[in-house]
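In what follows, every chain begins at residue 1, and chains take the letters A, B, ... in the order their sequences are listed. What you see below is based on every heavy atom in this structure, not just the backbone, and it leaves out hydrogens, waters and symmetry mates.
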There are 2 protein chains.
Amino acid sequence: MKRSYHQFCGVARALDLVGERWTLLIARDLLLGPRRYGDLLAGLPGITTNLLALRLKELRANGLVQRTEQRGVVGYELTALGRELEPILMALGRFGFHFMQGPKKDDKLDVGWALLSSKRRYTGAAEATIELVFGERHFQVRARKDYVDVKEGTPWEAEARVFVSPEAFRGILYGGESSDEHEKSGRLRIEGSRDAWQRYQAAFGMRVGKHGAKQRGSLERER
Amino acid sequence: MKRSYHQFCGVARALDLVGERWTLLIARDLLLGPRRYGDLLAGLPGITTNLLALRLKELRANGLVQRTEQRGVVGYELTALGRELEPILMALGRFGFHFMQGPKKDDKLDVGWALLSSKRRYTGAAEATIELVFGERHFQVRARKDYVDVKEGTPWEAEARVFVSPEAFRGILYGGESSDEHEKSGRLRIEGSRDAWQRYQAAFGMRVGKHGAKQRGSLERER
DNA sequence: CAGGATCCGCCGCGATACTG
DNA sequence: CAGTATCGCGGCGGATCCTG
């Protein structure tokens, strides 16, 4: 680290490590699991390749990220220390939510970010293991009593596999829209346990029930 | 805000607002209560007057800080929205704690930062209202079952007033040192309820009891 | 003297081209 | 695919100046 605030304070120390531009966004993307250099580059519109390389170098030097290489494929993943950035990212996410009435134009959308934000809404109300499939991208959500895990990648086993468009999923997550209606219109398809999908939605504060009254959008409800 | 990440994501939105250099450190200092321009300038070594003025302007434009003027004295304080930055700052503080074995040389120390970090350690174990006096600086800590409040300034009423040097307080808070020994050596003096001071220390995980075994430093114990 | 504004120089960052 | 090299600009650091 070249530039430092030179303050004996946890906040300042943390910002010395992860306060530079792009650093926390890289960590956010890595929270969903290991990523390759090109994935990170594509997922962070606006970052330049030299800066991404520099940030990864800094993160590795500080012990927050490690580089892995398996069968010639290099990847980056958070270390145990780096995973402790999660509370920071969740707190930032909750705060930023106040300013997310809707996507502004030029805003990039990423269903992975939506899934990450859904983690904050877990109520502990139910358990479920779900695979969400958005075209080529697969996510696994595992909700247990004491923890929630959201990862990108092919899951091992899930009670249900749900194929859904990002728009429909965002509508269900943020807009209080009904999964059933999206299913009728063909933008959502369930394989496996429909009950698990219901449990998942209940656990994350989504609208549940075929004939339930129209709920207010979660955008307005989130704590 | 001039520069934006252009991502529909709470983390990115939050960083659009408070991710620029110095912004979160200004918010940290304002968490302890309203501050005057000169106080902020003096409390943030390295910041320049132009940048402080710019950051305050941005924070006000975004509705996180408001300018107050009473009897010709201008001050800056967090708005209700700005106070919602506290979870972010606490999460940063906890993370940064991993890298705070001791003050490096050239590190500025500020007893206000130490008090703020102590907030995270509140166990809810006891209630107390304490005034801490470090030379010219007065802090009030109010611990209740459901919340903790730490403010700088002259308090209204406290069960006990404790005069202590910053070094001794840091030793008690971080180093597991004994309040009694500092009292004997004259670096700590208690006015009012000694019991309240004991309750305060217990509630914040400090060493309690005259003859208790030497505890490990809190630096090693903090979650 | 508090509360800023103005000017200048540098380096962190953005954009592009290039390499193994 | 996974980076490195180069260049230009603007955000930021340092100092000074202005105004009630």
Cationic N near anionic O, under 4.0 Å, B:E159 to B:R199: yes

Any A:W22 side-chain N or O less than 4.0 Å from OP1/OP2 of C:dG14: yes

C:dG3 phosphate, OP1 or OP2, under 4.0 Å from B:R67 side-chain N/O: no

A:L132 vs A:F163, side-chain contact (heavy atoms from CB on, under 4.5 Å): CA-CA, chis, key distance, verdict: CA-CA 6 Å; A:L132 285 162; A:F163 302 80; over 6 Å; no

A:R55 side-chain N/O to C:dC13 phosphate OP1/OP2 under 4.0 Å: yes

Whole-Å gap separating P (C:dG4) and CZ (B:R60): 8 Å

Selection from D:dC12, D:dG3, C:dA2 that lies nearest to any side-chain heavy atom of A:Y37: D:dG3

Nearest-Å distance for atom pair CG/P, residues B:L56 and C:dG4: 8 Å

Salt-bridge criterion met for A:E152 and A:R137 (N-O under 4.0 Å): yes

B:T49 vs A:G38, nearer the 5' end of DNA chain D by closest nucleotide: A:G38

Carboxylate-amine/guanidinium contact B:D110 B:R28, below 4.0 Å: no

Residue A:Y76, side-chain heavy atoms: nucleotide from D:dG3, C:dC13, D:dG14 that is nearest: D:dG3

Residues A:E58 and A:R60 bridged, charged N to O under 4.0 Å: no

Atom-pair distance (CZ on A:R3; P on C:dC10), nearest Å: 16 Å

Length of the line joining B:L51:CG and D:dG10:P, which is rounded to integer Å: 17 Å

Distance, rounded to the nearest Å, where A:E69 contributes CD and D:dC1 contributes C1': 12 Å

Whole-Å gap separating P (D:dA2) and CD (A:Q70): 13 Å

Rounded distance (Å) that lies between atom P of D:dG3 and atom CD1 of A:I47: 13 Å

Polar pair under 3.5 Å, donor/acceptor by atom type, side chain B:N50, base D:dG14: yes

Touch class at under 4.0 angstrom, heavy-atom based, for B:V74 against every strand present: sugar-phosphate

Contact nearer the 5' end of DNA chain D, comparing A:K57 with B:E20: A:K57

Nearest-angstrom distance from the residue atom CG of B:D39 to C1' of C:dG4: 15 Å

